[in-house]
Amino acid sequence: MNTKGLSRRDLKILAIIAMVVDHTAWGFVDFMSPLGQIMHIFGRLTIPIMCFFVAEGYRHTSDLKNYINRMASFAVVSIFPFYIFFHEEYDFRQNIIFDLLLALLALSIADNKVLPKGTKAVLIAGLMGISLAIGGWVLMPIIYVLVFYYGKDFKTKAKWFIIFTLIMEASLVVMILLNQKYHYSKYDWNVPERLYLLGFVFGLIPLYFYNGKLGEVKNTFNRYFFYTFYPAHFLVLSAIKYLVNDPNYQMIYITAHVIALVIAIIMLGYVISLNPSRAQNAVTCFMIFAIMYIFGFLQEITTSEVAGVYTATKLQFFAECMLFIALTYCMQELCHTRISGLIYSVEAAASFFVMYSLFTYEDNGLMYKAITINYDAGSFPRMQVVGYGIAFKIFVVYSFAVCLMCVIIGVKSARHANSLHKKRLRFLLYAMIVMWLPYLIKVLNLTNGYEIPVLGIPFAAIFVSISLGKYSYLDSISLDFGNALNKGKEGVIVVDTSHRILYHNKWVNTIFGEFYKYDDAYSVPGLKDIFVEKKKSIEIGGHTYETRIEPLIEQSHVTGQILWVLDLTEHYNYLNKVEETASKDSLTGVYNRGWFEENIKRILSEKKHGAFIMLDLDNFKNVNDKYGHKTGDAALVALASVMLAAEKSTMKYSIYSGRIGGDEFCMFIEGNTDRKWLQDFAKKQISSYDEELAKMGCEGVTSISLGIVQLTNESYKDKDITYEELYTNADKALYMAKEHGKKTYEFKDI
């Protein structure tokens with residue numbers, strides 16, 4: 001096949017155009033005229049393309065059951081539109097989608113790997129019998145689909161397609177000739193007028209150029225477009241036929257409002273099927289009151305009594321008042337704007353006043369002076385208002401004010417909106433326009449006295465529903481999901497591109513305090529720093545929180561940000577304990593040898609000055625031998641407590657303590673090389689250790705000696721000092737202290 005040819009989308013569009021041309025000819029053009037024949041021959045392109053894509057659809061479908069159900073559903077939906085348009089020509093026979101359904105069933109049976117061949121033959125024969133009995137195009141769709149599926153290549157498919165088309169045409173010619181002689185069929189055809197069926201062969205030309213590509217985005221719209229277009233175009237053509245043939249304007253008027261009511265009910269069902277959310281609730285309210293208003297108007301235009309008209313008017317005004325409140329609610333939820341409760345209170349008060357005035361108009365004339373039925377106006381009786389009262393005028397001003405407020409909200413919201421939000425606002429604007437366009441038409445008297453304001457409401461409902469279903473973001477969060485988030489230990493805040501808060505769970509209020517939906521996130525203490533500086537963690541109230549910001553993406557647009565906040569206090573405390581356990585000596589609580597060595601190596605690599613001190617217990621072996629290991633351990637713990645106290649004794653210098661092994665300990669005083677200070681420090685450690693032993697009741701059991709090495713800037717001059725060098729020199733200084741009588745200290749240069 002030609003790889004640069006026609007895509008599936010191109011061929012489907014061609015099939016739709018051919019179908020519309022063909023059916024237009026059936027409805028409005030003389031069949032045997034040259035124009036009629038040309039249009040019908042062009043229309044024959046449709047069935048080959050349809051059959052080809054049934055075979056292709058079967059080959060590529062991942063859910064055959066759903067494919068069959070979808071085709072069966074639309075075959076049923078198309079029955080009445082098909083009959084409305086073709087009732088005289090086709091009588092009881094069915095539409096093409098029904099024929100294609102039979103073909104799909106026949107193909108699924110023929111391709112079944114389990115059924116015996118005899119069973120397959122019986123079932124396919126049964127489907128062909130149904131096609132002969134009530135099919136619109138007898139047998140041919142079944143044959144064409146099987147040819148397109150089982151043909152090895154396009155040449156083979158085309159050959160068998162032409163053969164079966166010629167057989168079909170020849171069989172039809174024979175049947176026509178026999179009928180002219182024996183009159184067994186009510187279809188009084190002649191041979192020349194059926195030759196147009198050879199036009200099926202022309203369908204092979206565009207199919208030859210099929211390149212195997214979709215040419216379309218796979219979505220619900222594309223999947224259902226052809227199915228819905230088929231019955232819809234019959235209704236449109238039928239309406240045109242009706243209008244051309246001396247229509248009954250009263251029935252057209254009523255039918256239009258019935259259709260408007262059906263549209264509104266369908267849109268309500270669509271909205272209810274969406275994920276639960278506050279925006280869905282708002283649009284659902286709008287739809288319910290829209291349906292109520294249309295129903296009230298239908299009651300009015302089909303009632304010929306004043307009492308019935310009055311009842312219908314009350315229903316309409318109630319629905320209209322509720323519509324304005326629902327519209328305000330929709331603007332709030334779809335534009336992510338908080339509307340003051342005062343506004344809703346004013347709307348409720350205005351609605352109450354309007355309804356009170358309407359119910360009591362006969363007593364006070366606030367709404368109308370009087371209403372009657374005008375039997376002389378137009379083709380059927382309709383309501384006539386004798387005079388409008390002050391309440392009606394207030395209602396008109398109130399209606400204008402509500403709509404103006406909604407427009408202002410939309411414009412304000414659009415100022416800093418992204419493209420997706422602007423699309424939603426555009427559809428809300430369309431809804432406002434179509435709601436009021438019929439009123440403008442009425443004022444201009446373009447409808448010859450017929451009132452049509454109700455016709456704008458279903459279209460407004462469509463635009464509002466699209467705004468919710470297609471372009472609403474994150475307010476479509478499922479309520480169940482929100483409940484789950486409220487029960488968890490993770491905070492969630494969602495903001496739009498203008499950093500307005502669209503959603504947050506209750507847990508984050510315990511961290512950042514009280515704030516509400518549609519507040520500016522940057523005005524909440526702590527939040528602006530997180531969003532602007534992209535902080536990874538924060539400390540609040542003694543707790544450590546990890547923060548993570550992710551883009552909120554809807555339909556390839558970045559529509560905001562999601563902030564996740566997780567309390568990691570317990571986690572960090574646990575890690576600190578684990579780290580402390582890994583780096584501390586289990587007996588004494590000072591750092592172990594590994595940690596101490598690594599830290600001193602870091603200090604040496606940074607060439608920092610200070611003092612390295614080695615400490616050792618005097619005659620420690622005798623302590624263990626004479627007093628036991630329990631006392632020996634106590635002596636070690638006592639030294640560790642002295643060293644830890646020394647770490648806290650000065651804020652000026654950093655002091656690190658570690659146990660190297662046995663009774664050998666080391667300290668490093670970072671930043672201090674003053675010999676006098678170090679001498680005093682060493683004496684303090686010796687005396688403090690004696691005092692600690694005395695507290696434990698182990699006075700005189702042992703003592704400590706210290707070896708000190710000073711690290712000055714001169715020490716690093718022209719060389720790198722290693723930990724081993726430092727340790728060796730401190731050990732030598734300690735040895736000298738031991739030789740000088742123990743319980744003392746000595747210095748050694750490096």
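We count residues from 1, following the sequence as given. Only this structure's heavy atoms are used, side chains among them; waters, hydrogens and symmetry mates stay out.
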- [ ] Would you confirm whether His233, through its side chain, and Tyr230, through its main-chain N or O, come within 3.5 Å as a donor-acceptor pair?
- [x] yes

- [ ] Evaluate the ring planes of Tyr361 and Tyr310, with Trp represented by its six-membered ring, and classify them as parallel (under 30°), tilted (30 to 60°) or perpendicular (over 60°).
- [x] perpendicular

Open item on the list: Tell me the closest heavy-atom pair linking Val495 and Ala521, and the distance in Å.
Closed with: CG1-CB, 3.8 Å

Open item on the list: For the aromatic rings, using the six-membered ring if either is Trp, is the centroid distance between Phe531 and His499 under 6.0 Å?
Closed with: no

Task: Geometric cation-pi criterion Lys314 and Phe318, 6.0 Å radius, 45° cone - done: no

Task: Ser345: partners by side chain to side chain contact (heavy atoms under 4.5 Å, CB included), with sequence neighbours left out - done: none

Task: side chain to side chain contact (heavy atoms under 4.5 Å, CB included) evaluation trace for Met322 with Met292 - done: CA-CA 10 Å; Met322 295 301 102; Met292 187 181 298; over 6 Å; no

- [ ] Check whether any side-chain N or O of Asn95 sits under 3.5 Å from a backbone N or O of Gly136 as a donor-acceptor pair, and report yes or no.
- [x] no

Open item on the list: Using 30° and 60° as the class boundaries, would you call the ring planes of Phe317 and Tyr368 parallel, tilted or perpendicular?
Closed with: perpendicular

Task: Whether Gln94 side chain and Ile79 backbone form a donor-acceptor pair below 3.5 Å - done: no

Open item on the list: Angle between ring planes, Phe82 versus Phe86, binned at 30° and 60°: parallel, tilted or perpendicular?
Closed with: tilted

Task: Contacts of Tyr344 that satisfy side chain to side chain donor-acceptor pair (under 3.5 Å) - sequence neighbours left out - done: Gln332

Task: Nearest atoms (heavy-atom pairs only) where Ile325 meets Glu347 - done: CA-OE1, 3.6 Å

